Asks: 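Could you have a look at this structure, given as structure tokens, before my questions?
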Amino acid sequence: MPHDHSDHDHPHALLPSDPALRVKALETILTQKGLVDPAALDAIIDTYENKVGPRNGAHVIARAWSDPAFHAALKDDATATVADMGYYGRQGEHLVVVENTAEVHNMVVCTLCSCYPWPLLGIPPGWYKSDAYRARAVREPRAVLADFGVTLPEGTAVRVWDSTAEVRYLVVPMRPDGTEGWSEEALMDLVTRDSMIGTGLAMVPA
């Protein structure tokens, strides 16, 4: 099951995947026919990759880690609290945060389709939309976590949340040790997309 880990050093990673080749071919044809403006496409991609993407969610998590008042407000009303930061819009309504602790690890899935907090995490990854993830996350969450390289202590319970059109979830990962006094910006670099879905952990400081 693919996830955040990079395999760019693998020889086959030098070539785009078949879907990427098909998308590129389609884009080329539409551009040549004058039906698509490449600049507009680039702007859309930039928006979802860099502006409406995991960095937004990382900003929320970093602030929750470093500001107790914000943390409390986020748990009380996540939708309004992140909207005050400017993160709102389609697929971002009715947000609920769940927090990972040493006792409980939370993981998010959408068993029916691919409901996902776009304003905070950007476009959902392909594996999140796959039938395999949607079925196995509920049935065997520890096995799914193991596929992502996450092994939890036996005493840590795993709780799976089913995202819907009415409610979307954001996981607050455990703050890594050794980050006391870090700035929000530095903390953001430790927050991964997978850690905010629950299929990963926050990065450990180097």
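It should be emphasised that the depicted structure is a prediction, and the values quoted were computed from it without experimental measurement.
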Asks: Please check: side-chain N/O of N100 versus main-chain N/O of M174, any donor-acceptor pairing under 3.5 Å?
Replies: no
Asks: Quickly, which of V98, L74, I61, V108 forms a side-chain contact (heavy atoms from CB on, under 4.5 Å) with L170? Name it, please.
Replies: I61
Asks: Would the distance check show the side chain of H105 and the main-chain N or O of G198 forming a donor-acceptor pair, the cut-off being under 3.5 Å?
Replies: yes
Asks: Is a side-chain N or O of T79 found less than 3.5 angstrom from the main chain of L95, in a donor-acceptor match?
Replies: yes
Asks: Counting only N and O atoms by type, is there a donor-acceptor contact under 3.5 Å from the side chain of R193 to the main-chain atoms of I197?
Replies: no
Asks: Looking only at atom types and distance, does a side-chain atom of T81 sit under 3.5 Å from a main-chain N or O of A73, one as donor and one as acceptor?
Replies: yes
Asks: Taking V97 as the starting point, is it possible to reach M107 by hopping between hydrophobic residues whose side chains are less than 4.5 Å apart?
Replies: yes
Asks: Angle between ring planes, Y87 versus H59, binned at 30° and 60°: parallel, tilted or perpendicular?
Replies: perpendicular
Asks: Which value, rounded to the nearest 0.5 Å, describes the distance between L120 atom CG and R55 atom CZ?
Replies: 13.5 Å
Asks: How long is the gap from CD1 on I123 to OG on S114, to the nearest 0.5 Å?
Replies: 11.0 Å
Asks: Could you tell me the separation between the OH atom of Y116 and the NZ atom of K129, rounded to the nearest 0.5 Å?
Replies: 10.0 Å
Asks: Once you round to the nearest 0.5 Å, how far does CG of D37 lie from OG1 of T31?
Replies: 8.0 Å
Asks: May I ask you to decide if L152's main-chain N or O and T156's side chain share a donor-acceptor pair within less than 3.5 Å?
Replies: no
Asks: Output yes when a side-chain donor or acceptor of T179 lies under 3.5 Å from a complementary backbone atom of W182, and no otherwise.
Replies: no
Asks: Would V104 and V160 show up in the same hydrophobic cluster when neighbours are defined by side-chain heavy atoms closer than 4.5 Å?
Replies: no
Asks: Got a donor-acceptor contact below 3.5 angstrom from the R175 side chain to the W65 backbone?
Replies: yes
Asks: Is the closest side-chain donor-acceptor distance between R134 and S130 under 3.5 Å?
Replies: no
Asks: V138 and Y133: same hydrophobic cluster, using ILVMFWY side-chain contacts below 4.5 Å?
Replies: yes
Asks: Do you know the tightest heavy-atom contact between P141 and A137?
Replies: CB-O, 3.3 Å
Asks: With rounding to the nearest 0.5 Å, note down the distance linking CG in L121 to CG in N56.
Replies: 9.0 Å
Asks: Under 30°, 30 to 60°, or over 60°: which ring-plane class applies to W161 and Y169, parallel, tilted or perpendicular?
Replies: tilted
Asks: Would you check if the side chain of N106 reaches a backbone N or O of V171 as a donor-acceptor pair within less than 3.5 Å?
Replies: no
Asks: Can you get from L201 to F148 by hopping between Ile, Leu, Val, Met, Phe, Trp and Tyr side chains that sit under 4.5 Å apart?
Replies: yes
Asks: So, taking the atom named CD in E166 and the one named NE2 in H94, what distance separates them when rounded to the nearest 0.5 Å?
Replies: 7.5 Å
